[in-house]
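When a ligand or atom number is given, it counts from 1 through the structure's own listing order. Start at 1 with the first residue, then count along the sequence.
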Amino acid sequence: MSDDSVLIRNNATGQEVEYPLLKGTLGNHTVDISSLNKDLGFFTYDSGFVSTASCKSAITYIDGDNGILLYRGIPIDQLAEHSSFLEVAYLLMNGELPKEQQLHSFTSEITHHAMLHESLRSFFDGFHYDAHPMAMMVGVVGSLSAFYHSELNMNDPEHRRISAMRLLAKMPTIAAACYRHSVGWPFLYPRVDLEYCENFMNMMFSLPSQKFIDLAHYIDPVAVKALNLLLILHADHEQNASTSTVRLASSTGANPYACIAAGIAALWGPAHGGANEAVLSMLAEIGTADRIPEYIAKARDPNDPFRLMGFGHRVYKNFDPRATIIRKTCYDVLEKLSNDDPLFELALALEEYALQDEYFIEKKLYPNVDFYSGIIYKALNIPVDMFTVMFAIARTAGWVSHWLEMMAEPTHRIGRPRQLYVGPEQRDYVPIDRR
Ligand code: SDX
């Protein structure tokens with residue numbers, strides 16, 4: 001029996017089988033049990049996939065106990081300090097930081113593909129003004145494949161590359177269009193003279209009726225810097241629910257636009273990317289610091305479905321490193337944009353109270369990436385119902401990177417989990433007059 005294996009014994013029959021222990025670059029070793037069903041006739045059961053590695057990946061590494069997050073080996077705090085969202089997107093997609101010319105070409109291609117097909121504008125007319133922007137984004141992104149018939153051969157690496165670039169390029173344009181539709185403003189086109197985040201802020205807030213107004217009014221450098229940072233911090237996060245959704249959809253050979261739309265749908269849930277919107281609603285409901293104990297008690301009550309939004313994480317049992325960076329940025333942004341936001345003060349008070357509460361200490365519940373991000377989005381005048389849309393723009397970099405990684409694997413197979421069946425034994429049909 002070697003150190004590089006694990007023995008599984010069926011005590012009922014005495015049968016023993018060794019399974020290889022796969023060792024990655026960092027993190028937990030992984031037992032390869034792919035032949036378990038054939039060898040011993042067993043499935044494994046792991047509700048919520050707490051102990052299950054669904055794939056091999058070289059993109060992102062998380063150490064939840066030590067609050068470590070690496071994109072292609074580079075610590076998130078270094079990327080947050082020195083990089084830009086498009087440079088991080090290049091890193092995630094290609095595995096290395098770009099050289100200057102590579103970044104220039106990448107940025108130019110993204111800018112070139114930022115436009116939407118003109119007939120997509122009428123697509124938005126089908127939504128009521130008060131449709132949730134995530135509902136619009138899911139529909140519009142899913143429809144993109146209708147415009148690119150000639151480049152959907154997923155066996156062609158160039159078709160895969162251009163599809164990934166189109167998605168990354170068009171998400172801000174689609175996001176801004178969702179917002180403009182909700183407020184009844186005309187859509188603005190992306191501009192070739194603006195960088196990614198500047199373009200987004202311009203498409204969101206600039207008004208064609210305001211001639212010659214100083215563009216800086218809409219693309220404040222403080223706001224653009226903060227937005228770049230938030231997009232970097234949300235760009236990828238290993239096999240989270242929405243990324244796993246993209247991988248599972250992609251394993252069937254579905255087109256990338258449909259797969260990313262599936263990821264957007266999964267991200268929308270309040271347990272996942274929808275938490276940033278839910279945090280602001282929760283803070284508004286709490287209202288004042290004197291009501292914090294009441295809500296902490298609700299969060300602790302096993303019979304109360306209320307959870308403290310923005311707290312807890314499947315992997316981080318220590319501080320989410322992204323939350324730490326965002327928390328600091330809140331101070332900078334609110335000070336520079338002179339947006340004193342009482343909700344920030346309330347969030348700080350809530351964090352302080354929760355971190356001293358034995359329930360949160362015992363269950364290792366810390367603020368996650370969603371706890372403070374909404375405070376900054378709000379300071380940038382981004383509406384609350386657009387917060388998860390912002391998360392989707394950023395996570396598109398991670399989603400397309402995982403999609404490219406998976407589609408490049410010659411041995412990738414359709415994902416098809418099994419189950420523990422707990423339904424009725426076989427029984428006969430009963431005619432309706434005898435039921
Ligand atoms: C994201 O996976 C990722 O990487 C996600 C993400 C990414 O970048 O992709 O990091 C982004 O989704 C961040 C998480 C945003 N969601 C929230 O902030 C919603 C609030 N948090 C919880 O719903 C919860 O903490 C989860 C969903 C984040 C994690 O759920 P788990 O891992 O399944 O944990 P759990 O539900 O098993 O909780 C363990 C215990 C439970 O109590 P017991 O059953 O053991 O008695 O902790 C309790 C939970 O009730 N608990 C909470 C809580 N979170 C967990 N109690 C109160 N408030 C909370 N927020």
**Student:** Which of the atoms in ligand 1, numbered in the order shown and given with their element, are less than 4.0 Å from a heavy-atom of A275?
**Tutor:**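 Result: 15 (C), 16 (N), 17 (C), 18 (O).
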**Student:** Work out whether the distance between some heavy atom of G48 and some atom of ligand 1 is less than 4.0 Å.
**Tutor:** no
**Student:** When you measure from atom 4 (O) of ligand 1 to each heavy atom in H237, H234, H272, R300, which option holds the nearest one?
**Tutor:** H237
**Student:** Mark yes when over 12 heavy atoms from residues, nucleotides or ligands other than N28 sit less than 6.0 Å from its CG; otherwise mark no.
**Tutor:** no
**Student:** Does NZ in K225 sit with more than 12 non-hydrogen atoms of other residues, nucleotides or ligands closer than 6.0 Å?
**Tutor:**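 Atom NZ in K225 is not packed in, count stays at 12 or less.
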**Student:** Apply salt bridge (charged side-chain N to carboxylate O under 4.0 Å, His left out) to E405 and R247, showing your working.
**Tutor:** CA-CA 10 Å; E405 180 180 64; R247 279 182 171 261; 2.5 Å; yes
**Student:** Ring centroid separation for H237 and H402, is it under 6.0 angstrom?
**Tutor:**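 Not under 6.0 Å, so no.
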**Student:** For Y359, which part has a heavy atom under 4.0 Å from ligand 1: side chain, backbone, both, or neither?
**Tutor:**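 For Y359, only side-chain atoms sit under 4.0 Å from ligand 1.
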**Student:** Below 4.0 Å from any atom of ligand 1, is there a heavy atom belonging to V315?
**Tutor:** no
**Student:** For P270, counting its heavy atoms only, list the atoms of ligand 1 lying under 4.0 Å from any of them.
**Tutor:**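 So the atoms of ligand 1 that pass are 16 (N), 19 (C).
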**Student:** List ligand 1 atoms under 4.0 Å from G310, heavy atoms only on the residue side.
**Tutor:** 17 (C), 18 (O)
**Student:** Could you tell me whether F391 and ligand 1 have an N or O pair separated by under 3.5 Å?
**Tutor:** no
**Student:** With respect to atom 35 (P) of ligand 1, which of R314, K317, R307, K363 exhibits the smallest heavy-atom separation?
**Tutor:**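 Residue with the shortest heavy-atom distance to the ligand atom: R307.
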**Student:** Tell me whether atom 22 (C) of ligand 1 lies less than 4.0 Å from at least one protein heavy-atom position.
**Tutor:**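 For atom 22 (C) of ligand 1 the answer is yes, since some protein heavy atom falls inside 4.0 Å.
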**Student:** Among T173, I174, L194, which residue satisfies the side-chain contact (heavy atoms from CB on, under 4.5 Å) criterion with M203?
**Tutor:** T173
**Student:** Of the backbone atoms (N, CA, C, O) and the side-chain heavy atoms from C-beta on, which set of V50 has a member under 4.0 Å from an atom of ligand 1: side chain, backbone, both, or neither?
**Tutor:**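 No part of V50 is near ligand 1 at this cut-off.
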**Student:** Check each atom of ligand 1 against the heavy atoms of G312 and keep those under 4.0 Å away; list them by number with element.
**Tutor:**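 That gives atoms 25 (O), 28 (C) of ligand 1.
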**Student:** Could you tell me whether atom 26 (C) of ligand 1 has a protein heavy atom closer than 4.0 Å?
**Tutor:** no
